[in-house]
Amino acid sequence: MKLATWNVNSLNVRLPQVLDWLVANPVDALVLQETKLTDDKFPTLEIGEAGYQVHWFGQKTYNGVALLSRTPAQDVVKNIVGFEDAQARVIAGTVDGVRVIGAYFPNGEALDSDKFVYKMAWLDGLRAWLATELKAHDKLVLMGDFNIAPEDRDCYDPAAFVGLTHCSPQERAHFQALLDLGMVDAYRLFDHPPKSYSWWDYRNLGFRKNQGLRIDHILVSEALRAQVQACEIDKLPRKNERPSDHAPVVVTLS
DNA sequence: ATGTCGCGTGTGACGCGA
């Protein structure tokens, strides 16, 4: 079983790339972030023709998430249960016995901004809800754009990020708290080359210079740890014309 | 090199978010 996450930065723009990627990578489930589409504009027909069931949850201009799966997803939930949120950031469903949560974590903007306060509250809400989800589902995968680089090795220039979002101790403590609930960073179960990232800023020739962050993650519950066969970042789509700024991340379960 | 995108507004540059 293969599961994947991809922040597409507008599904309207990136739909052809997503469909091409699914032909080359026929995963069992794919969660998307930053679809940036209201629900009436979601391309259900094209995704259905590609052989996928889909649930989606969006809003105007920003955010928006989707859950694509080969088999129908059960018990679909939109956003964090118990956390009132005006923004469309989470979609969850059970696919082939695995609880799949796709999430677009808040960016946070700056450590002293209201958006960072929201990010912290959102992370509190996520953690509380994840704890209850884990009680109901032994086999659980939380994946998406976390907007957190968990360690210095996940950042191209840790010194330059001191005092900025994505690498702050507060955000990293929240990431660790998710692990402490009984989750494992699937990517770190394996050896990878140093300076492996999942996002590169469009500015400053970030991708060409490999100035990136590893902020897109796949966390699996302890019950799934032994089934994880591989976890890879697929940089190929980042080399497309008009790419998303994020690369997909794929986990293979036995 | 603040060397980029995408959206909405509203028809074309600009503000915003990332």
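Chain identifiers are assigned alphabetically (A, B, ...) following the order of the sequence lines, protein sequences preceding nucleic acid strands; residue numbering begins at 1 within each chain. Not measured: the values here are computed from a predicted model.
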Same-atom distance ([atom1]) from [N] to [M], integer angstrom:
N      : M      : atom1 : value
B/dT2  : B/dG17 : C1'   : 15 Å
B/dG12 : B/dC7  : C1'   : 14 Å
B/dT4  : B/dG10 : P     : 27 Å

_For A/Gln229, side chain to side chain donor-acceptor pair (under 3.5 Å) partners two or more places apart_ =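 Testing A/Gln229 for side chain to side chain donor-acceptor pair (under 3.5 Å), a comparison that skips the adjacent residues, returns none.
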*Taking ring pair (Phe, Tyr, Trp, His ring centres under 6.0 Å) as the test, write out the residues that go with A/Tyr156, two or more places apart.*
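Counting only residues at least two positions away or on another chain, A/Tyr156 forms a ring pair (Phe, Tyr, Trp, His ring centres under 6.0 Å) with A/Phe161.
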*Send over the distance from A/Trp200 CH2 to B/dC5 C1', rounded to a whole Å.*
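Spelled out: CH2 on A/Trp200 to C1' on B/dC5 is 16 Å.
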*Only counting residues at least two apart or in another chain, list the ones meeting side chain to side chain contact (heavy atoms under 4.5 Å, CB included) with A/Ala103.*
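Here the qualifying residues are A/Val90, A/Phe105, A/Trp122, A/Leu142.
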Pair up each side-chain donor or acceptor in residues 18-33 of chain A with any protein partner under 3.5 Å, not counting sequence neighbours, and list the distances.
{"from": "A/Trp21", "atom 1": "NE1", "to": "A/Asp234", "atom 2": "OD2", "distance (Å)": "2.8"}
{"from": "A/Asn25", "atom 1": "ND2", "to": "A/Trp21", "atom 2": "O", "distance (Å)": "3.0"}
{"from": "A/Asp28", "atom 1": "OD2", "to": "A/Lys2", "atom 2": "N", "distance (Å)": "2.8"}
{"from": "A/Gln33", "atom 1": "OE1", "to": "A/Thr5", "atom 2": "OG1", "distance (Å)": "3.4"}
{"from": "A/Gln33", "atom 1": "OE1", "to": "A/Asn7", "atom 2": "N", "distance (Å)": "3.3"}
{"from": "A/Gln33", "atom 1": "NE2", "to": "A/Thr5", "atom 2": "OG1", "distance (Å)": "2.9"}

*A/Tyr202 and A/Asn9: side-chain donor and acceptor closer than 3.5 Å?*
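Per modelled atom types, A/Tyr202 and A/Asn9 side chains form a pair under 3.5 Å.
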*For nucleotides 7-18 of chain B, just jot down a letter per nucleotide in 5' to 3' order: B, S or -, based on protein non-hydrogen atoms under 4.0 Å.*
SSS-------SB
*asked:* Using a heavy-atom cut-off of 4.0 Å across all strands, would you classify A/Arg208 as base, sugar-phosphate, or nothing?
replied: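 Nothing, no nucleic acid heavy atom in range.
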*Would you mind listing every salt bridge (charged side-chain N to carboxylate O under 4.0 Å, His left out) that reaches into residues 64-89 of chain A, with sequence neighbours excluded?*
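Non-adjacent pairs meeting salt bridge (charged side-chain N to carboxylate O under 4.0 Å, His left out): zero.
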